[in-house]
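Right, one structure below, let's go through it.
Quick note on labels: first sequence line is chain A, next is B, and so on, each numbered from 1. Everything numeric here is computed off the predicted structure, so don't read it as measured data.
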Number of protein chains: 4
Amino acid sequence: MAPTRQERKESITRIREQQILDAALKVFSRKGFAEATTSEIAQEAGVAEGTLYNYFPSKRELLVAVVKTFVMTESFLKIFEHVGEMDYPAFLMAVLNNRMDFVEDEGDNHMVLLMGEILRDPELIAIYDRQVIKPVMNRMEKYLENKAAEGEFRPLNTGVVTRALGGMVLGLLLLTLLEGESSPLKSMSRQTLAAEMMELVMKGIQQH
Amino acid sequence: MAPTRQERKESITRIREQQILDAALKVFSRKGFAEATTSEIAQEAGVAEGTLYNYFPSKRELLVAVVKTFVMTESFLKIFEHVGEMDYPAFLMAVLNNRMDFVEDEGDNHMVLLMGEILRDPELIAIYDRQVIKPVMNRMEKYLENKAAEGEFRPLNTGVVTRALGGMVLGLLLLTLLEGESSPLKSMSRQTLAAEMMELVMKGIQQH
Amino acid sequence: MAPTRQERKESITRIREQQILDAALKVFSRKGFAEATTSEIAQEAGVAEGTLYNYFPSKRELLVAVVKTFVMTESFLKIFEHVGEMDYPAFLMAVLNNRMDFVEDEGDNHMVLLMGEILRDPELIAIYDRQVIKPVMNRMEKYLENKAAEGEFRPLNTGVVTRALGGMVLGLLLLTLLEGESSPLKSMSRQTLAAEMMELVMKGIQQH
Amino acid sequence: MAPTRQERKESITRIREQQILDAALKVFSRKGFAEATTSEIAQEAGVAEGTLYNYFPSKRELLVAVVKTFVMTESFLKIFEHVGEMDYPAFLMAVLNNRMDFVEDEGDNHMVLLMGEILRDPELIAIYDRQVIKPVMNRMEKYLENKAAEGEFRPLNTGVVTRALGGMVLGLLLLTLLEGESSPLKSMSRQTLAAEMMELVMKGIQQH
DNA sequence: TATGAATGAGCATTCATTCAT
DNA sequence: CATGAATGAATGCTCATTCAT
């Protein structure tokens, strides 16, 4: 069945909205919210400035939509789908490899760059917490609890350990951005890096 | 010797400059660079707007001065002064306790809130890296190397481990801010939290 | 004869045009010309924004059409049709009663609210003068002249008296709007009000 | 005593504020509130656009200040100061002459042109009513009551008569603006016009 | 040196108008 | 003819910076 006129129109607006969101993410993380201009976002999206306002009522709502949309959840949570099939080293490797894509994985960088805006706005904090932090933390906690029950991991305070490990990955991303090329993290393969970290983490939580 | 008129004058200007820097730190971290206004900073500092420009040539240079001045280095590096006298658990407890002052330690929060501004500006990145990251990392690496040489720690890639541990603390701070009151981190004493983290870290890096 | 398709189409467009004019009058007098938006007019008229431009070439032309169309002439001039049959008190009562419908008579309020727009635009002044002021003044002058000739009225400068009486009614409308509920005009029946005014006009204020 | 620095500064700001108010009155009545631009007002006042906002927080507040300031009260109420010394024809002549300054008296024209803006905004209505309408009406009512008590005027409903006469003057102003040069009101001296109106008001139109 | 009024460039947002469907 | 998304010029307002006092 050919798409009706109605459908085609809707598809166009969905594409247009995506263009705008993509552009906004880029510009917001390049400049920060306040220094980003709607004019620049429009230009980046290839639309007129006024068009932005047919899709989002204000610059701030556009930021909210960006945070809502570009949650890292999706790609990150995919890892958990196959958790059952993995032993713990494989799982950790997967998590680390996925997150260690610092450089190329622009999505993460974007979010780190926007972190300041998020942290300053309770609404954005709530969104980010609900859509990113909570789901990741919950799944990870459950995973740790299972492994502990199976006797593979030592009995742990999963709440703390989860956050410590999550924080470690997040913090490494920050340090990489801050240290730039001079960081020793840059002089090793992602493979090696992940392996080192896994070693560190495993020997810590593993039952001896 | 009583201070000469000259000296008194200089002391006044130094105090004035400090007032301005304090005010700027507050406002910049509350609002972010772009949304902070020179008017608000002046008010917070208790001086006229024009006075700011007798001390700093522009708003941006004021931000640079803030980043240069309020490096967390000072309090953090103090820990290392007595490193030689501590065994490793005591040392780690000290580090963790010091850094775990998330909530009350406004200084850290300020820097986290300003991280976005720093990450976006190569000059600020360079300053922050040189004054904060590098010294901390170097001292910590050296410490780990010593301990490894003494046989207390397993032979580690100290570059990675240093950053992993540093990142962990940084990341925990971020997560605390993001999760707010709902975080399990908030429902335990800092003592317990530090102990849990030490346990995690120690069992990982400790020679078995 | 049943209406041809052609005729039906024309009738529909005439109705549509009327809808738009009605809506425009409402919105223009509610908001004033500049603050009225074509979007609001379209919504009020129940048509799409673009449709307005099939009927009127621009927002300003729409205002001109509104002024051209909603002249108060019609209802007002009806009074004069039966002038011959009335004695002067009856006539004045009719005029006053008709015009004293301040509150309910939205038409008048609309025009008063639009007066600012009209007064600022020579084209609108010309239209309003030609279609409203001049006809009313002319008829009224002629009436006064007749009455004077018949000896019922004193020999008057009809030009001035006409404008004085017309102005009085117009000015009363303005004062009613300005004073609102606190006006003594609001605390009497329209009957009484008309009677008082008639008395004033007929006899003046002087003790004879 | 020479003015202190403080006083000189204050005097400058008062002058500046007046400049702005004068300019705003001109532009608002020339263009109406919505079509007046802050840029044009600033230019007319000979200051930078930003300067407007050092004196008035918004364009709307500037309008409010204009309405508050340029009340016609002052010049108008002066007439009443010498009321006691005048017999009624002299008084009426004074009122009429004062108000009949249609053309030259820009103040009045301004207010008539702004009437639309005032009528649309309850706050402005309240201000105008309190500062202009009420004082004028009250004084005029009292005058009429006195004259009635002295037996010079017939016993009248002073509330209505006051408003009828006030409205007449106001309405005549409107008609003059609307009819422009073609009005018979323009082809007679103000003297004659005032005399005609006085005759009408004093004696009515009826043949006695 | 301290002040704070003046400045004007810069930006978010609105809205009349166009035009492809 | 009807529609409504796209357009971009126009405008109120903010705020870093300057400078006369």
Side-chain angles (χ1 to χ4, degrees), chain A residues 5-6 8-10 12-13 16-17 33-43 45-62, chain B residues 9 12-13 16 33-43 46-62, chain C residues 9 12-13 16 33-43 46-62, chain D residues 5-6 8-10 12-13 16-17 33-43 45-62:
Chain A
R5 191 169 318 184
Q6 175 71 10
R8 223 175 322 134
K9 220 188 246 175
E10 275 175 16
I12 286 175
T13 59
R16 190 73 46 123
E17 188 174 310
F33 176 74
E35 295 206 316
T37 69
T38 51
S39 155
E40 192 180 355
I41 295 170
Q43 203 159 7
V47 300
E49 215 173 333
T51 304
L52 299 184
Y53 290 84
N54 291 335
Y55 289 83
F56 303 94
S58 71
K59 190 186 165 192
R60 175 145 287 272
E61 285 307 308
L62 181 50
Chain B
K9 225 188 240 169
I12 286 175
T13 57
R16 191 74 47 118
F33 175 74
E35 294 206 317
T37 68
T38 50
S39 155
E40 192 179 355
I41 294 169
Q43 203 160 8
V47 300
E49 218 174 331
T51 304
L52 300 183
Y53 289 84
N54 291 331
Y55 290 84
F56 303 95
S58 73
K59 188 186 168 193
R60 176 144 288 271
E61 285 308 308
L62 181 50
Chain C
K9 226 189 241 172
I12 286 175
T13 58
R16 189 74 46 121
F33 175 74
E35 296 207 315
T37 68
T38 50
S39 155
E40 192 179 354
I41 295 169
Q43 203 160 6
V47 300
E49 216 173 333
T51 305
L52 300 183
Y53 289 84
N54 292 331
Y55 290 84
F56 304 95
S58 73
K59 188 186 168 193
R60 177 144 287 272
E61 285 308 308
L62 181 51
Chain D
R5 192 168 316 181
Q6 176 70 11
R8 222 175 324 133
K9 219 186 249 175
E10 275 175 16
I12 286 174
T13 59
R16 191 73 46 119
E17 187 174 312
F33 175 74
E35 294 207 317
T37 69
T38 50
S39 155
E40 191 179 356
I41 294 170
Q43 202 159 10
V47 300
E49 213 174 336
T51 303
L52 299 183
Y53 290 85
N54 291 335
Y55 290 83
F56 303 94
S58 71
K59 188 185 166 194
R60 175 144 289 271
E61 284 307 306
L62 181 51

With heavy atoms under 4.0 Å as the rule, sort A:A42 into base, sugar-phosphate or nothing. nothing
Rounded distance (Å) that lies between atom C1' of F:dC15 and atom CG of B:L62: 15 Å
Using nucleotides 8-10 of chain F, report all nitrogen or oxygen pairs with the protein that are shorter than 3.5 Å.
residue : atom : partner : partner atom : Å
F:dG8   : N7   : A:G50   : N            : 3.3

Between E:dG4 (P) and D:I12 (CD1): distance, integer Å: 15 Å
Whole-Å gap separating C1' (E:dC11) and OH (D:Y53): 14 Å
Greater than 12 external heavy atoms within 6.0 Å of A:E61's CD: yes
Checking all strands, does B:R16 fall into the base, sugar-phosphate, or nothing category for heavy-atom contacts under 4.0 angstrom? sugar-phosphate
Any residue meeting salt bridge (Lys or Arg N to Asp or Glu O under 4.0 Å) with B:E40, in chain and number order, not counting sequence neighbours: B:R30, B:K31
Mind checking D:F56 for me? I need base, sugar-phosphate or nothing, with any heavy atom below 4.0 Å counting as a touch. nothing
Check residues 46-57 of chain C and write down every donor-acceptor pair under 3.5 Å in which the side-chain atom is one partner and the other belongs to a residue at least two apart or another chain.
residue : atom : partner : partner atom : Å
C:E49   : OE2  : C:T38   : OG1          : 2.9
C:T51   : OG1  : C:A48   : O            : 3.4

Answer yes or no: does a side-chain N or O of C:T38 lie under 4.0 Å from OP1 or OP2 of E:dC15? no
Taken to the nearest whole Å, CG/D:L52 to P/F:dG12 is 10 Å
Please compare C:E35 and A:S39 by the position of their nearest nucleotide in DNA chain E and report the one closer to 5'. A:S39
Nearest listed nucleotide, side chain of D:S58, among E:dT17, F:dC1, F:dC13: F:dC13
Would you indicate what A:A34 reaches in the nucleic acid, counting non-hydrogen atoms under 4.0 angstrom: base, sugar-phosphate, or nothing? nothing
5'-to-3' dot-bracket of DNA chain F (Watson-Crick, G-U; under 3.5 angstrom; crossing pairs as [ ]; | other strand): .||||||||||||||||||||
In whole angstrom, give the distance that lies between atom NZ of B:K59 and atom C1' of E:dG10. 13 Å
Indicate whether OP1 or OP2 belonging to F:dA2 is found under 4.0 Å from a side-chain N or O atom of C:Y55. yes
D:R60 has an atom CZ; how far is it from atom P of F:dC13, in whole Å? 10 Å
Between P on E:dA16 and CD on C:E61, what's the gap in Å once rounded to a whole number? 15 Å
Please name all residues satisfying salt bridge (Lys or Arg N to Asp or Glu O under 4.0 Å) with B:R16, sequence neighbours left out, ordered by chain then number. none
Strictly below 4.0 Å: does B:N54 bring a side-chain N or O up to OP1 or OP2 of E:dA2? yes
